[in-house]
Amino acid sequence: AVVSTQSGHYGRGSVNGKEVLSGKLFASIVCDESTWTLEDHEDNCRIIRIFLVKGNKTPQSCWTSLLQDKYPADMDTLDKMQKKILQERYQSENPGFDFSQAEVTGNYQNGGPTLS
C-alpha cells in the first residue's frame, strides 16, 4: 500500500497499483501525526484504516466529508460528533464542571453559541 499527503491538504492511497482514494481533503491535517494502515481480514478482505489529525481543532471545524467532494459523513454521526465537540468545548472552558452526562440541545452546529 502506498499513501501520501501533500501540504496536509491532498490525500492519495493505492493498493497493488490500484488507486483507492484520491482527492483534496476536506481541510488540512497534521501529516506527521496521521496514519494510514492496510489490514488483512477474513474472507480475503482488506481494510484501509485512516487516522487523520486535523490541523484546525476548533469546534467549528467538524468535517462534513472526508474529501471536499466525496465520502460525506452520515448525518446522524455528524450530529453526534458536533454535540461531542460542543461538550468538550464547554468542559475545557469550565474545568470545574462535569458535562459528560449533559444533553446538548439547540444551536450546537458550527461549534455552538459564542460565549462572552
Side-chain angles (χ1 to χ4, degrees):
V2 177
V3 176
S4 66
T5 56
Q6 299 170 355
S7 302
H9 291 281
Y10 189 80
R12 168 170 276 146
S14 65
V15 177
N16 297 330
K18 180 181 177 188
E19 191 167 87
V20 293
L21 177 70
S22 179
K24 188 166 180 165
L25 295 170
F26 187 81
S28 66
I29 62 168
V30 180
C31 296
D32 293 343
E33 296 178 24
S34 300
T35 59
W36 308 55
T37 59
L38 182 63
E39 301 173 5
D40 291 321
H41 283 268
E42 303 169 357
D43 302 325
N44 294 325
C45 177
R46 285 187 158 176
I47 294 176
I48 296 177
R49 190 172 305 271
I50 304 169
F51 179 78
L52 302 175
V53 177
K54 295 176 3 180
N56 181 359
K57 298 176 185 172
T58 64
Q60 295 83 359
S61 67
C62 197
W63 290 19
T64 57
S65 63
L66 176 60
L67 302 178
Q68 288 190 357
D69 59 348
K70 295 180 188 173
Y71 312 113
D74 173 74
M75 292 312 288
D76 186 51
T77 303
L78 182 61
D79 186 63
K80 290 176 184 174
M81 285 189 311
Q82 290 174 324
K83 287 179 182 181
K84 185 175 191 268
I85 289 170
L86 183 59
Q87 282 180 317
E88 290 172 357
R89 174 186 151 205
Y90 286 155
Q91 189 65 55
S92 69
E93 291 175 356
N94 303 280
F97 294 95
D98 179 11
F99 291 94
S100 62
Q101 300 300 316
E103 183 176 328
V104 179
T105 61
N107 177 20
Y108 56 86
Q109 286 87 9
N110 298 318
T114 302
L115 303 177
S116 49

Quiz item: At their closest point, which heavy atom of Ser34 faces which heavy atom of Val53, and how far apart are they?
Solution: OG-N, 3.0 Å
Quiz item: Under the 3.5 angstrom rule, does the side chain of Asn94 hit a backbone N or O of Phe97 as a donor-acceptor pair?
Solution: no
Exercise. Identify the heavy atoms of Ser65 and Pro72 that sit nearest to each other, and give their distance.
Key: CB-CA, 3.6 Å
Quiz item: Can you tell which of Glu88, Lys80, Gln82, Met81 makes a side chain to side chain contact (heavy atoms under 4.5 Å, CB included) with Lys84?
Solution: Glu88
Exercise. Determine the minimum heavy-atom distance between Trp63 and Ala73, stating which atoms define it.
Key: O-CB, 4.5 Å
Self-check item: OG-CG distance between Ser28 and Asn56, expressed to the nearest 0.5 angstrom
Solution: 7.0 Å
Quiz item: Any side-chain heavy-atom pair from Cys62 and Leu78 closer than 4.5 angstrom?
Solution: yes
Practice problem: Measure the NZ-CD1 distance between Lys54 and Ile29 for me, rounded to the nearest 0.5 Å. | Solution: 12.0 Å
Practice problem: Go through the steps to decide whether Arg49 and Thr35 satisfy the test side chain to side chain contact (heavy atoms under 4.5 Å, CB included), and finish with yes or no. | Solution: CA-CA 8 Å; Arg49 190 172 305 271; Thr35 59; over 6 Å; no
Exercise. Without swapping roles, check the side chain of Asp43 against the backbone of Cys45 for a donor-acceptor pair under 3.5 Å.
Key: no
Exercise. Would you mind reporting whether Asp98 and Gln91 have side-chain heavy atoms less than 4.5 Å apart?
Key: yes
Quiz item: Among the clusters formed by ILVMFWY side chains lying less than 4.5 Å apart, do Ile50 and Ile47 turn up in the same one?
Solution: no
Quiz item: Given the rule in the side chain to side chain contact (heavy atoms under 4.5 Å, CB included) test, do Phe51 and Thr37 qualify, once you have shown the distances and angles that lead to the verdict?
Solution: CA-CA 9 Å; Phe51 179 78; Thr37 59; over 6 Å; no
Exercise. Output, in order, the C-alpha distance, side-chain angles, deciding distance and verdict of side chain to side chain contact (heavy atoms under 4.5 Å, CB included) for Leu66 and Phe26.
Key: CA-CA 6 Å; Leu66 176 60; Phe26 187 81; over 6 Å; no
